[in-house]
Amino acid sequence: LAGEQTIHHRMEIILTPVTSELQVTDHILVPEHVRNQNGATTLEFSLHGDLTITDSQGVRILARENDRSANAGPVPLKYYTLTLAPQQTEFTVHYRGKINHALKNPGEDYARSFSYTPGVISSEGVFLANSSHWYPQFADALVSFHMVIEVPSDWDVVSQGVLASEQKTAANHIV
């Protein structure tokens, strides 16, 4: 369960490796210390630039004008501002899109290193890290997760934490 100091994400995730797609319903719980106790709370977050917010409940989300220098890193980013009503503690955001950054080889100085990617969803495998910006990120806020992930039936999922349940059918594998 989420600690009192963390932004908690309760996510339902569908990964479609063959098309490099990700579809997420993210129920976000905002801790008390982040909320404005005297009125509406305004928060800013970033998300991978190739992901599109398709819907939200309990919150108004507005895209911000992006600063070109913000996309100088390995992952393109979009920035958003949201407003929570006074005393509101949670909201839901739905988003989807593709993440498929090619593997990069290390430079000559690192000849014994492995190839790396900031994030990839492909038929060869999936790698999503914090640096992939595949979920809404609120500055330097601590986060906790509860994830239900659906992948093709012949795939498996590896993450940190504790496995709570697992179901395999001919069509999919839900972890």
Side-chain angles (χ1 to χ4, degrees), residues 1-16 21-99 101 117-121 126-151 157-167 174-175:
L1 209 58
E4 292 181 13
Q5 301 298 311
T6 65
I7 291 180
H8 183 67
H9 296 264
R10 198 175 77 245
M11 301 174 159
E12 295 143 26
I13 304 162
I14 299 172
L15 293 172
T16 310
E21 291 183 281
L22 168 79
Q23 180 179 333
V24 180
T25 299
D26 190 355
H27 309 280
I28 300 173
L29 179 63
V30 180
E32 186 175 340
H33 81 279
V34 174
R35 297 190 312 264
N36 179 353
Q37 301 306 312
N38 299 318
T41 298
T42 300
L43 298 173
E44 296 180 348
F45 69 91
S46 60
L47 189 63
H48 191 290
D50 293 333
L51 300 177
T52 302
I53 295 175
T54 58
D55 195 14
S56 62
Q57 287 92 39
V59 69
R60 187 181 65 178
I61 299 175
L62 298 173
R64 287 188 11 222
E65 192 62 37
N66 288 350
D67 175 1
R68 289 183 192 266
S69 65
N71 285 320
V75 173
L77 298 176
K78 289 181 188 170
Y79 295 90
Y80 299 90
T81 301
L82 65 85
T83 304
L84 295 174
Q87 306 305 316
Q88 183 177 352
T89 61
E90 58 188 287
F91 64 95
T92 300
V93 62
H94 304 265
Y95 56 93
R96 65 183 316 148
K98 295 184 179 194
I99 296 179
H101 299 279
T117 176
V120 64
I121 301 171
V126 174
F127 173 75
L128 296 172
N130 178 50
S131 58
S132 304
H133 286 267
W134 66 275
Y135 62 90
Q137 295 190 14
F138 298 86
D140 294 328
L142 295 174
V143 295
S144 59
F145 297 94
H146 177 266
M147 298 183 289
V148 176
I149 305 171
E150 180 179 331
V151 292
V157 174
V158 177
S159 182
Q160 64 187 34
V162 177
L163 176 64
S165 68
E166 186 173 16
Q167 177 184 358
I174 299 173
V175 179

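Just so it is clear, the values below take in all heavy atoms, side chains as well, and ignore hydrogens, waters and symmetry mates. Owing to the predicted nature of the structure, the values given are computational and were not obtained by experimental measurement.
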Just wondering, do Leu15 and Leu22 contact through their side chains at under 4.5 Å, heavy atoms?
yes
Ile7 and Pro31, any side-chain heavy atoms less than 4.5 Å apart
yes
When the ring centroid of His94 is compared with that of His27, is the distance short of 6.0 Å?
no
Would a 4.5 Å heavy-atom cut-off, applied to side chains only, mark Pro76 and His101 as touching?
yes
Residue pair Ile28 / Pro136, side-chain heavy-atom distance below 4.5 Å:
yes
Would you check, one step at a time, whether the test side chain to side chain contact (heavy atoms under 4.5 Å, CB included) holds for Arg64 with Tyr80?
CA-CA 5 Å; Arg64 287 188 11 222; Tyr80 299 90; 5.8 Å; no
In short, Leu84 meets Gly58 closest at the heavy-atom pair CD2-O, 4.3 Å
With Val30, the side chain to side chain contact (heavy atoms under 4.5 Å, CB included) member among Leu43, Leu82, Thr41
Leu43
Of all residues at least two apart in sequence or in a different chain, which pass the side chain to side chain donor-acceptor pair (under 3.5 Å) check with Glu166?
His173
Would you give the length of the straight line joining atom OG1 of Thr83 to atom CD of Gln88, rounded to the nearest 0.5 angstrom?
10.0 Å
Report yes if some heavy atom in the side chain of His9 is under 4.5 Å from a heavy atom in the side chain of Phe145; otherwise report no.
yes
To the nearest 0.5 Å, how far apart are CD1 in Ile13 and OG in Ser159?
8.5 Å
Let me confirm one number: the CD-CG distance from Gln23 to Leu51, rounded to the nearest 0.5 Å.
11.5 Å
Can you classify the ring geometry of Phe91 versus Phe138 as parallel (below 30°), tilted (30 to 60°) or perpendicular (above 60°)?
perpendicular
If you define the side chain from C-beta out and look only at heavy atoms, does anything of Thr42 sit under 4.5 Å from Thr81?
yes
Could you walk me through whether Ile174 and Ile149 pass the side chain to side chain contact (heavy atoms under 4.5 Å, CB included) test, one step at a time?
CA-CA 6 Å; Ile174 299 173; Ile149 305 171; over 6 Å; no
Yes or no on side chain to side chain contact (heavy atoms under 4.5 Å, CB included) for Val148 and Val175, after CA distance, side-chain angles and deciding distance?
CA-CA 6 Å; Val148 176; Val175 179; over 6 Å; no
Counting C-beta onward and ignoring hydrogens, is there a side-chain heavy-atom pair between Val93 and Val59 closer than 4.5 Å?
no
So NE2 of His33 and CG of Leu142: to nearest 0.5 Å the spacing works out to 7.5 Å
Would you give the length of the straight line joining atom OG of Ser46 to atom NE2 of His133, rounded to the nearest 0.5 angstrom?
5.0 Å
Heavy-atom side-chain proximity of Val126 to Val120 below 4.5 angstrom
no
Could I get the full list of side chain to side chain donor-acceptor pair (under 3.5 Å) partners for Asp55, not counting sequence neighbours?
Gln57
Output for pair (Glu90 CD, Leu29 CG), nearest 0.5 Å, gives 5.5 Å
Pair Val157-Val151, side chain to side chain contact (heavy atoms under 4.5 Å, CB included): steps then yes or no
CA-CA 8 Å; Val157 174; Val151 292; 4.0 Å; yes
Between Tyr135 and Tyr95, ring centroids under 6.0 Å:
no
Ignoring hydrogens and angles, tell me if any N or O in the side chain of Gln37 forms a donor-acceptor pair with the backbone of Arg35 under 3.5 Å.
yes
Other residues, nucleotides and ligands only: do more than 12 of their heavy atoms fall within 6.0 Å of CZ on Arg96?
no
Testing the basics here: between Ser132 and Gly119, what is the closest heavy-atom pair and its distance to 0.1 Å?
OG-CA, 3.5 Å
